[in-house]
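Everything below concerns the one structure shown next.
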Amino acid sequence: MSTLGTYNGQAYSPVGDKGRFVLPPAFRKAVKEASGGSKTLCLVGHERFKCLVGFGLSRIDKLHQQLDREEERAIRLKLNDFDRDVRAGQLFQFEQLPFDDSGRFVLPDHLKELGMIDDSLYFQGAGEFFFVWNPVQLAQMDYSFRGAQVTCKKLMAEAEAKAKAKGAKK
């Protein structure tokens, strides 16, 4: 994931101590690069799916460009129902969350509600952004999400086995 603003791969994070989640290393590195070295994660509810979307600060310029393109298209096609202010509010309603060197961050309650998040997160790269799923919600998606569903299930089982082994050592 070394290309600026490009997110790929998958990872799983159960909620940790103090109710924090961990932004996985590869995603952490890409977000930090895309945020000009700042440890700032941007998260917003997905427009159609019951999940969140994550990205770095560099995507803000692309969102401005998208808004301009959508307005130009609406003018060209004489679409009277386009409202630039409403659309800007939709595109820029993301939350900027700090994360520490280990990737730990606190997910605010309103984002938990938007993404229907409980006690774990599945991260799925999607190019300019990444999905942040509650594994239960991901499992309910249709067959087009099958690859993510299978990978999430595998990563969850690995994390559970690791936690069990760690608990057995105590």
To the nearest 0.5 Å, how far apart are CD1 in Ile75 and NZ in Lys78?
11.0 Å
Whether Ser13 side chain and Leu121 backbone form a donor-acceptor pair below 3.5 Å
no
With side chain to side chain contact (heavy atoms under 4.5 Å, CB included) as the criterion, how do Val53 and Leu43 come out once you've worked through the C-alpha distance, each side chain's angles and the decisive distance to 0.1 Å?
CA-CA 6 Å; Val53 173; Leu43 286 174; over 6 Å; no
Can you find a side-chain donor-acceptor pair between Gln66 and Arg69 that sits under 3.5 Å?
no
Do the non-hydrogen side-chain atoms of Val31 and Thr40 ever get within less than 4.5 Å of each other?
no
Side chain to side chain contact (heavy atoms under 4.5 Å, CB included) assessment of Leu67 paired with Leu63:
CA-CA 6 Å; Leu67 181 61; Leu63 293 174; over 6 Å; no
Heavy-atom closest contact (Trp133 atom, Phe145 atom, distance):
CZ2-CE2, 3.6 Å
Separation between CD1 of Ile60 and CZ of Phe55, rounded to the nearest 0.5 Å:
7.0 Å
Stepwise side chain to side chain contact (heavy atoms under 4.5 Å, CB included) test for Phe49 and Gln137
CA-CA 9 Å; Phe49 305 138; Gln137 294 301 318; over 6 Å; no
Side chains of residues 102-115: which donor-acceptor pairs under 3.5 Å do they make with residues two or more places apart or in other chains?
from	atom 1	to	atom 2	distance (Å)
Arg104	NE	Asp100	OD2	2.7
Arg104	NH2	Asp100	OD2	2.8
His110	NE2	Glu95	OE1	3.1

Can you get from Leu23 to Leu97 by hopping between Ile, Leu, Val, Met, Phe, Trp and Tyr side chains that sit under 4.5 Å apart?
yes
Show the numbers, then the answer: is there a side chain to side chain contact (heavy atoms under 4.5 Å, CB included) between Lys39 and Asp101?
CA-CA 8 Å; Lys39 292 179 278 191; Asp101 290 335; 2.6 Å; yes
Closest approach of Leu138 to Cys152 (non-hydrogen atoms, all atoms of both residues)
CD2-CB, 3.8 Å
Only one of Lys154, Lys162, Met156 clears side-chain contact (heavy atoms from CB on, under 4.5 Å) with Glu158; which?
Lys154
Heavy-atom distance under 4.5 Å between the side chains of Phe123 and Gln10, does that happen here?
no
In the structure I gave you, are the side-chain heavy atoms of Leu155 and Tyr122 within less than 4.5 Å of one another anywhere?
yes
In chain order, what residues pass the side-chain hydrogen bond (donor to acceptor under 3.5 Å, both in side chains) check against Glu72, with sequence neighbours excluded?
none
Shortest non-hydrogen contact from Tyr12 to Pro135?
CE1-CG, 4.0 Å
Quick check for you: to the nearest 0.5 Å, what is the distance between Leu91 atom CG and Glu70 atom CD?
6.0 Å
What is the ring orientation for Phe27 with Tyr7, classed by angle as parallel under 30°, tilted 30 to 60°, or perpendicular over 60°?
parallel
CD-CZ distance between Glu71 and Phe82, expressed to the nearest 0.5 angstrom:
5.5 Å
Parallel, tilted or perpendicular: which describes the rings of Phe129 and Phe131, with under 30° parallel and over 60° perpendicular?
perpendicular
Would you say the side-chain atoms of Gln124 pair up with the backbone N or O of Phe130, donor to acceptor, closer than 3.5 Å?
no
Would you confirm whether Ser120, through its side chain, and Pro14, through its main-chain N or O, come within 3.5 Å as a donor-acceptor pair?
no
Separation between CD (Glu128) and CZ (Arg59), nearest 0.5 Å, reads 6.0 Å
Within a radius of less than 6.0 Å around CG of Asp142, do more than 12 heavy atoms belonging to other residues, nucleotides or ligands occur?
yes
Go through the structure and list residues passing side-chain hydrogen bond (donor to acceptor under 3.5 Å, both in side chains) with Thr151, not counting sequence neighbours.
none
Within 6.0 Å of CD in Glu160, more than 12 heavy atoms from elsewhere
no
Answer yes if Phe21 and Leu41 sit in the same cluster of Ile, Leu, Val, Met, Phe, Trp and Tyr residues linked by side chain heavy atoms under 4.5 Å apart, and no otherwise.
yes
Can you tell me how far CE of Met116 sits from SG of Cys51, rounded to the nearest 0.5 angstrom?
11.5 Å
Does Arg84 come within less than 4.0 Å of Asp68, counting only side-chain N to carboxylate O?
yes
